[in-house]
Amino acid sequence: MAIVHRSWTNLNSSILGKLQSCCNVQICGIKYFPPPLPYEGMEIPEKSKLKFMEKVPNLGNIKMPKMIKNLRFMRGPELIHNSFIHQQYGIIALGGGRMRHGHFEMVRMTLGRKIDPSRMFAIWRVDPPWQPVTKKGQGHRMGGGKGAIDHYVTPIKADRVIIELAGKCTFDEVKGFLRIIAHNLPFKAEAISHEMLEERRRLEREAEENNLNPFTFEYLIKNNMGNCQSWIRKIDFFHFGKYI
């Protein structure tokens, strides 16, 4: 037993369990902590916090034109900015929506208070507000042309990365305030790590490849089963019920 006690700290949890069952030794106060993750080659930029986003786009002497709603800017999946650059942590959108200037400030102020600038940094993955939204004054009658520009928004699609957080930290350290930020956004969003995101997409691909039921939603629409093409939405012809 003296030999066992001298090498006690070098044993992992699995070996300790086997020794407890074989030798009937008390190990209540001994815990196994995994070694810290290596952060070799990780460089923290000089400006580690999120930059301020302008409330109104600066076009110089050009007057900002008015626009229609263009809901297509929010529909469907994001095909470009849907993965992490630094392959660590961030917030992704689960549905479409619009971010106003107040939402940008909420994200920036919350992260500015919570992160440690000496070993963490955050970057924006969305553009500042650029799409104008018009509004007529209170009590105005209908007609008389389109109203004046009231504010600017940034349209967001599903699977879009909103912010990205990286540095010498673990997901358990940052997931608390990232979830608070995701909850306060005007659309469904989630705090997630790079490993979790890749595992989720791998499971989705496996479920699609190993599906034994031939009557998928895509099959029903393309073959007009039950005359479904007369009542389904237009977007379902492109995404087959996956996105709103």
Side-chain angles (χ1 to χ4, degrees), residues 50-57 59 64-108 110-111 122-135 149-166 174-175 177-208 216-218 221-222 232-244:
L50 295 175
K51 67 176 183 179
F52 176 79
M53 291 293 196
E54 296 292 338
K55 190 174 184 179
V56 178
L59 302 180
M64 188 67 185
K66 301 176 184 179
M67 295 178 60
I68 60 176
K69 286 185 178 180
N70 269 333
L71 297 181
R72 61 186 178 88
F73 292 154
M74 300 182 289
R75 287 181 172 175
E78 174 64 37
L79 302 178
I80 300 176
H81 302 283
N82 56 6
S83 59
F84 295 131
I85 297 176
H86 299 283
Q87 298 184 357
Q88 282 194 276
Y89 325 114
I91 297 176
I92 62 170
L94 301 179
R98 288 173 170 175
M99 288 184 65
R100 300 179 62 163
H101 181 260
H103 301 124
F104 282 93
E105 284 297 284
M106 179 271 299
V107 175
R108 187 180 68 88
T110 305
L111 276 182
I123 59 173
W124 289 110
R125 293 294 303 276
V126 291
D127 301 321
W130 60 269
Q131 185 182 11
V133 177
T134 59
K135 183 180 179 181
I149 295 177
D150 182 67
H151 60 276
Y152 295 85
V153 297
T154 299
I156 302 295
K157 289 186 176 183
D159 300 334
R160 177 69 184 258
V161 179
I162 308 300
I163 60 171
E164 193 169 342
L165 181 65
V174 301
K175 67 180 180 181
F177 57 84
L178 286 181
R179 286 175 178 174
I180 294 175
I181 295 174
H183 178 73
N184 291 329
L185 290 174
F187 43 80
K188 290 185 178 180
E190 182 183 12
I192 196 170
S193 65
H194 176 72
E195 292 77 13
M196 295 167 59
L197 183 60
E198 293 297 320
E199 179 66 16
R200 177 182 300 177
R201 291 176 177 173
R202 184 186 66 82
L203 293 176
E204 289 179 357
R205 290 193 299 268
E206 287 185 358
E208 185 176 355
T216 61
F217 200 79
E218 180 178 358
I221 293 178
K222 289 184 176 180
I232 63 172
R233 300 170 302 175
K234 185 178 180 180
I235 192 174
D236 290 332
F237 285 95
F238 303 98
H239 305 297
F240 308 108
K242 190 173 182 181
Y243 300 96
I244 297 177

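Start at 1 with the first residue, then count along the sequence. These numbers come from the heavy atoms of this one structure, side chains and all, not from hydrogens, waters or symmetry mates.
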Show the numbers, then the answer: is there a side-chain contact (heavy atoms from CB on, under 4.5 Å) between Ile156 and Leu185? CA-CA 11 Å; Ile156 302 295; Leu185 290 174; over 6 Å; no
Any side-chain heavy-atom pair of Leu178 and Leu111 under 4.5 Å: yes
Is the backbone of Ile85 close enough, under 3.5 Å, to the side chain of Glu164 for a donor and an acceptor to pair up by distance? yes
Between Pro155 and Val153 the two heavy atoms that sit nearest each other are CD-O, 3.9 Å
Step by step, work out the side-chain contact (heavy atoms from CB on, under 4.5 Å) result for Ile235 and Arg72. CA-CA 9 Å; Ile235 192 174; Arg72 61 186 178 88; over 6 Å; no
Straight-line distance of Phe84 CZ to Glu198 CD, nearest 0.5 Å: 9.5 Å
Answer whether the closest heavy-atom distance between the side chains of Val56 and His101 falls below 4.5 Å. no
Which distance, rounded to the nearest 0.5 Å, do you find between the OG1 of Thr134 and the NZ of Lys69? 9.0 Å
Hey, what do you get for CZ (Phe237) to CD1 (Ile232), rounding to the nearest 0.5 Å? 3.5 Å
Would you say Phe52 and Arg108 make side-chain contact, with heavy atoms under 4.5 Å? yes
Return the minimal non-hydrogen interatomic distance between Trp124 and Lys51, and the atom names on each side. NE1-O, 2.9 Å
Using 0.5 Å steps for rounding, measure from the NZ atom of Lys55 to the CZ atom of Phe104. 13.0 Å
Looking only at heavy atoms, which two atoms of Ala122 and Leu165 are closest? And how far apart? CB-CD1, 4.0 Å
Regarding Glu204 and Arg201, does a basic nitrogen lie under 4.0 Å from an acidic carboxylate oxygen? no
Would you mind reporting whether His239 and Pro77 have side-chain heavy atoms less than 4.5 Å apart? yes
Can Glu199 and Arg202 be counted as an ion pair, charged N to O under 4.0 angstrom? yes
Counting C-beta onward and ignoring hydrogens, is there a side-chain heavy-atom pair between Phe187 and His103 closer than 4.5 Å? no
In this structure, CH2 of Trp130 is separated from CE of Met64 (nearest 0.5 Å) by 7.5 Å
Cationic N near anionic O, under 4.0 Å, Arg200 to Glu190: yes
Answer yes or no: does atom NZ of Lys66 have more than 12 heavy-atom neighbours from other residues, nucleotides or ligands under 6.0 Å? yes
Minimum heavy-atom distance Val126-Met53, with the two atoms named: O-CE, 3.6 Å
Scanning both residues in full, the closest heavy-atom pair of Arg125 with Ser83 reads NH1-O, 3.0 Å
Does atom NE2 of His183 have more than 12 heavy-atom neighbours from other groups under 6.0 Å away? no
Mark yes when over 12 heavy atoms from residues, nucleotides or ligands other than Ile80 sit less than 6.0 Å from its CD1; otherwise mark no. no
Say you draw a straight line from CZ of Arg160 to CD1 of Ile92; how long is it, rounded to the nearest 0.5 Å? 12.5 Å
Check Phe240 against Lys222 and note the closest heavy-atom contact, atom names and distance. CZ-CE, 3.7 Å
Between Phe238 and Arg75, is a side-chain contact (heavy atoms from CB on, under 4.5 Å) present by the stated rule, with each step listed? CA-CA 11 Å; Phe238 303 98; Arg75 287 181 172 175; over 6 Å; no
Could you check whether any side-chain heavy atom of Thr110 comes within less than 4.5 Å of a side-chain heavy atom of Asn184, counting everything from C-beta outward? no
Do Arg100 and Val133 have side-chain heavy atoms sitting under 4.5 Å apart? no
Is it true that atom CZ of Arg98 has more than 12 heavy atoms of other residues, nucleotides or ligands lying nearer than 6.0 Å? yes
Indicate yes or no: at least one non-hydrogen side-chain atom of Ile162 is less than 4.5 angstrom from one of Val107. no
Say whether, by atom type as modelled, one donor and one acceptor occur between the side chain of Thr154 and the main chain of Pro128 under 3.5 angstrom. yes
